[in-house]
Amino acid sequence: MATNTKTDAVAPAVPGTASNFLRDKIVEDLKTKKYGDAVIQTRFPPEPNGYLHIGHAKAICLDFGLADEFAGRTNLRFDDTNPEKEEQEYVDSIMADVRWLGFEWDGLYYASDYFDQLYEWAIKLIKDGKAYVDDLTADEIREYRGTLTESGRESPYRNRTVEENLDLFTRMAKGEFPDGSRVLRAKIDMASPNMNMRDPVMYRILHASHHRTGDKWCIYPMYDYAHGQSDSIERVTHSMCTLEFTDHQPLYRWYIEQLGIFPSQQIEFDRLNLTYTLLSKRRLLQLVNEGHVRGWDDPRMPTICGIRRRGYTPEAIRNFVWAVGVSRTNGIVDLAMLEHFVREDLNKRAPRAMAVLRPLKVVIDNYPEGQVEELDAINNPEDPSAGTRKVPFSRELYIEQDDFREVPPPKYFRLSPGREVRLRYAYIVKCTNVVKDEKTGEVVEVHITYDPETRSGSASANRKVKSTIHWVSAAHAVNAEVRLYDTLFSKEDPSQVEAGKDFTSNLNPNSLEMVSDAKLEPSLASAVPGSRCQFERLGYFCVDPDSVAGKSVFNRTVALKDTWAKIVSKAGS
RNA sequence: UGGGCGGUCGACUAAUGGUAGGUCAAGUGCCUUUGGAGCACUUUGUCCAGGUUCGAAUCCUGGCCGCCCAGCCA
């Protein structure tokens with residue numbers, strides 16, 4: 001099948017043209033030559049302690065997309081200042097995900113590349129009397145910090161001499177002191193209403209091996225002490241981050257000003273939130289660890305790898321991000337918006353095929369036994385260049401159980417006794433009678449007759465019928481497993497929980513439905529993992545890597561819009 | 001309740017003192033050999049109260065509501 005799908009091609013990012021405040025800011029800075037003739041420089045700064053998710057995709061599109069738009073540059077910089085949580089595995093997956101999304105970085109850096117420079121700058125701040133070694137314990141520091149409404153108190157170690165601070169700090173770096181025994185703090189203002197300015201910790205002692213610097217260091221810089229300077233070293237002009245860092249901006253600037261280095265500027269934007277979705281590393285990790293999902297790349301996960309396995313395309317994600325836009329308000333985007341953009345993309349390029357998820361046997365009583373016709377089917381009505389294929393048709397078929405009702409409800413146009421429908425790409429057929437299970441009364445076989453004059457494409461095929469249904473020839477059908485997904489959570493905002501419960505109580509028990517014996521048209525037999533197609537009338541599907549020779553596994557990426565389902569739910573309500 | 005940041009259709013987002021527009025969702029109709037796709041049309045909005053102004057979503061004042069901050073996490 002989908003070997004002709006233009007999958008995962010690295011297409012250029014096409015940012016939306018709608019105005020947004022980040023673009024406006026860049027335009028203004030360019031106009032006023034805030035950075036002279038320097039090009040726009042951005043960076044995407046993930047911490048390598050987890051997998052990227054759709055929220056990061058927004059940041060990636062903004063960081064790379066906006067720089068691209070202004071012929072600027074974007075670095076990928078791993079914010080690896082905490083050796084206890086960071087691993088190479090995450091570094092590799094992050095690089096793969098960024099590339100899959102369609103972006104390529106100009107420079108690849110690590111905050112740890114700057115540990116030497118950061119250390120020298122710490123020495124300078126000490127010499128300038130702007131940093132000191134504090135012997136208070138973590139608990140004491142917290143106590144001295146004060147609260148949101150009361151100012152803090154100065155540490156008794158705050159006024160050590162430069163010489164003593166220098167001695168202590170260099171010995172901290174040499175490993176003379178145990179973890180947690182001392183920290184280096186910036187000397188700013190313990191009475192600041194901004195907690196971040198109450199003598200923030202710059203360095204802590206951590207006798208831990210770092211994924212890149214090994215055992216060279218036993219002191220590690222804090223995020224605030226590392227981030228702005230890293231930006232500055234890379235001459236980042238627009239350092240975009242999410243809203244929760246707004247309060248850190250004064251500190252970001254303070255370090256840069258005290259050091260007199262390149263004045264990178266931080267600009268905050270709102271995080272992406274999605275209905276029925278949780279986007280926090282901690283909770284995602286919990287879902288994986290507690291086995292609520294099968295792993296980081298479970299197709300129900302909002303991780304980039306999960307979404308990829310689900311069958312989403314990078315183009316769909318990028319289009320979604322630009323459509324959602326960016327601002328400084330905390331909102332929650334309707335999942336339907338994301339689904340719209342996958343459908344839009346896949347509709348244009350996913351080849352069509354016929355597949356029956358819940359088979360119901362159909363016998364065409366007046367069709368010659370043993371006869372097989374190879375019918376022409378269109379691969380993609382939206383794309384004539386996708387061509388056609390042959391689909392075998394014979395006396396015994398499978399149709400979808402849903403496509404037959406012994407007693408049709410109002411507005412039901414599919415097959416039922418005495419009614420006519422068209423079999424897609426084949427004939428108009430009429431239901432003559434049904435065979436039921438003696439015990440259960442369930443319809444197990446449907447008998448129909450066909451009108452040989454109505455073969456698709458023939459001159460006399462124009463008779464109108466109320467509906468067209470899909471089918472698969474029983475003798476030629478390929479068996480497959482199909483996994484149908486619903487939202488992972490059943491609450492629009494999964495973080496809203498009853499007292500005493502946690503977010504896992506909002507898990508949707510029906511988020512995964514396994515269909516083990518779906519019947520596919522034979523052209524689907526050789527589908528390779530990752531390839532996508534539309535099962536006509538059902539939705540977009542992609543081949544899962546769990547597939548083995550002879551038994552394909554398909555994931556439903558997203559269902560087609562379903563007008564009938566709407567009619568049913570309206571009638572029911 | 002100290003500080004910071006916000007509040008525009010159901011959702012997201014434009015309008016930068018001068019016609020409140022777009023996308024998604026919802027609805028109606030057209031079309032259709034996918035109840036898909038497409039097309040057309042429609043409904044719904046400036047948090048509240050004052051003020052400035054010829055004119056306010058936009059500026060001012062005062063409220064109300066929401067989010068973030070007290071890691072040696074990022």
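A note on names: the letters A, B, ... follow the listed sequences, proteins ahead of strands, and every chain is numbered from 1.
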Using the C1' atom as the point on both nucleotides, what is the distance between B/A15 and B/C73, in whole Å? 40 Å
Tell me whether the OP1 or OP2 atom of B/G71 has a side-chain N or O from A/Arg142 closer than 4.0 Å. yes
For A/Ser19 and B/U16, is the shortest distance between a side-chain N/O and OP1 or OP2 below 4.0 Å? no
P spacing across the pair B/G18 / B/U13, given as an integer number of angstrom: 22 Å
Donor-acceptor pair under 3.5 Å, A/Glu244 side chain vs B/G4 base: no
When the nearest nucleotide of RNA chain B is assigned to A/Met195 and to A/Arg537 on a heavy-atom basis, which residue is associated with the more 5' position? A/Arg537
Does the pair A/Arg160/A/Asp135 count as a salt bridge with the N-to-O cut at 4.0 Å? yes
Across all strands shown, which nucleotide pairs with B/A26 by Watson-Crick or G-U wobble geometry, both distances under 3.5 Å? B/U42
I want to verify a distance call: between B/C12, B/A14, B/G10, whose nearest atom is closest to the A/Val333 side chain? B/C12
Let me spell it out: for each of A/Ile567 and A/Thr147, pick the nucleotide of RNA chain B with the closest heavy atom. Which residue's pick is nearer the 5' end? A/Ile567
Salt bridge between A/Asp451 and A/Lys430, side-chain N to carboxylate O under 4.0 Å? no
So for A/Asn330 and B/G7, does any side-chain atom that can act as donor or acceptor lie under 3.5 Å from a complementary atom in the base? no
Under the 3.5 Å rule, do the base of B/G35 and the side chain of A/Arg414 count as making a donor-acceptor pair? yes
Where does B/G71 fall, syn or anti, if syn means a chi angle no more than 90° from 0? syn
Any side-chain N or O of A/Lys566 below 4.0 angstrom from OP1/OP2 of B/G27? yes
Taking B/G4, B/G27, B/A37 as options, the one with an atom nearest any side-chain atom of A/Lys561 is B/A37
Expressed in whole Å, how much space separates the C1' atoms belonging to B/G3 and B/C60? 23 Å
Which nucleotide, B/G36, B/A15, B/A74, lies nearest any side-chain atom of A/Asp24? B/A15
From B/A14, B/U34, B/C72, nucleotide with atom closest to A/Arg204 side chain: B/C72
In the structure shown, which nucleotide is the Watson-Crick or G-U wobble counterpart of B/U61, with both distances under 3.5 Å? B/A49
Who is the Watson-Crick or G-U wobble partner of B/C31, with both distances under 3.5 Å? none
